[in-house]
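The block underneath contains the structure these notes are about, expressed in structure tokens.
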Amino acid sequence: MMSDAATVIFDVSSGVLIERRLWIAIFVACICIPLACLRSLNALRFTAAMSMFFVVYLIFVIIAYISFPGLDPCNGTPIEKCEGETQMVSFSKDTLKILSIFIFGFTCHQNIFSICNEIKDNTEKRVNIVIVIAISTALAAYILIAVFG
């Protein structure tokens, strides 16, 4: 997406400015590394709030997409032509690319130690409340996206 924007902003059609890897490196250097070097999770509260805003925004976009058929680019097109070929199970080298994302989703639980250290008066009951709220929020988002998306 940034390479497409760079072609318009900088008026170039080739060169280093439209390289995807350059924009990923700039994003990592300017945003990811500084956020990863913060001393406490409390410093990430604004970033976390912004990410929650985007999750809620995504849910609203999905609900709007399903509620207003005019937004569907495939409206009136036979579903076979619009969706393309689908398979129930597919194993290829692309599966390995997606597998890393799937595994990352289940390895975020190591953050519980940092979260426990940040909670004031971290009793077992308070930690359990934080866990239930986090899982419930994620479950609600997954259910809304699954139902409407």
**Whether F54 and Y57 hold their rings parallel, tilted or perpendicular, with breakpoints at 30° and 60°** = perpendicular
**Prompt:** Counting only heavy atoms not in R45, do more than 12 sit closer than 6.0 Å to its CZ atom?
**Reply:** yes
**Request:** Please name the pair of heavy atoms, one in P34 and one in A29, separated by the smallest distance, quoted to 0.1 Å.
**Result:** CD-O, 3.5 Å
**Request:** Indicate, with yes or no, if I59 and I143 share a hydrophobic cluster defined by side-chain heavy-atom contacts under 4.5 Å among Ile, Leu, Val, Met, Phe, Trp and Tyr.
**Result:** yes
**Cluster link M52 to L139, ILVMFWY, side chain under 4.5 Å** = no
**Prompt:** Do I145 and V55 share a hydrophobic cluster (ILVMFWY, side-chain heavy atoms under 4.5 Å, transitive)?
**Reply:** yes
**Asked** With a 4.5 Å limit on heavy-atom distance, are the side chains of R126 and N122 in contact?
**Response** no
**Prompt:** In Å, rounded to the nearest 0.5 Å, how long is the span from CD1 of I33 to CD1 of I31?
**Reply:** 11.5 Å
**Message:** Please say yes or no: joined through hydrophobic side-chain contacts below 4.5 Å, possibly via intermediate residues, are I24 and F27 part of one cluster?
**Reply:** no
**Message:** Taking atom OH as the centre, does Y65 end up with more than 12 heavy-atom neighbours from other residues, nucleotides or ligands that are less than 6.0 angstrom away?
**Reply:** yes
**Message:** If you apply the rule side-chain contact (heavy atoms from CB on, under 4.5 Å), what do you find for L144 with I62, and how did you get there?
**Reply:** CA-CA 9 Å; L144 286 170; I62 290 171; over 6 Å; no
**Message:** Test of understanding: clusters of I, L, V, M, F, W, Y form through side-chain heavy atoms closer than 4.5 Å, transitively. Do L38 and I119 belong to the same one?
**Reply:** yes
**Complete:** Taken to the nearest 0.5 Å, the spacing of I63 CD1 from F68 CZ works out to 10.5 Å
**Asked** Out of curiosity, S136 OG to I129 CD1, how far, rounded to the nearest 0.5 Å?
**Response** 11.5 Å
**Sole residue of V130, I131, V127 in side-chain contact (heavy atoms from CB on, under 4.5 Å) with I115** = V130
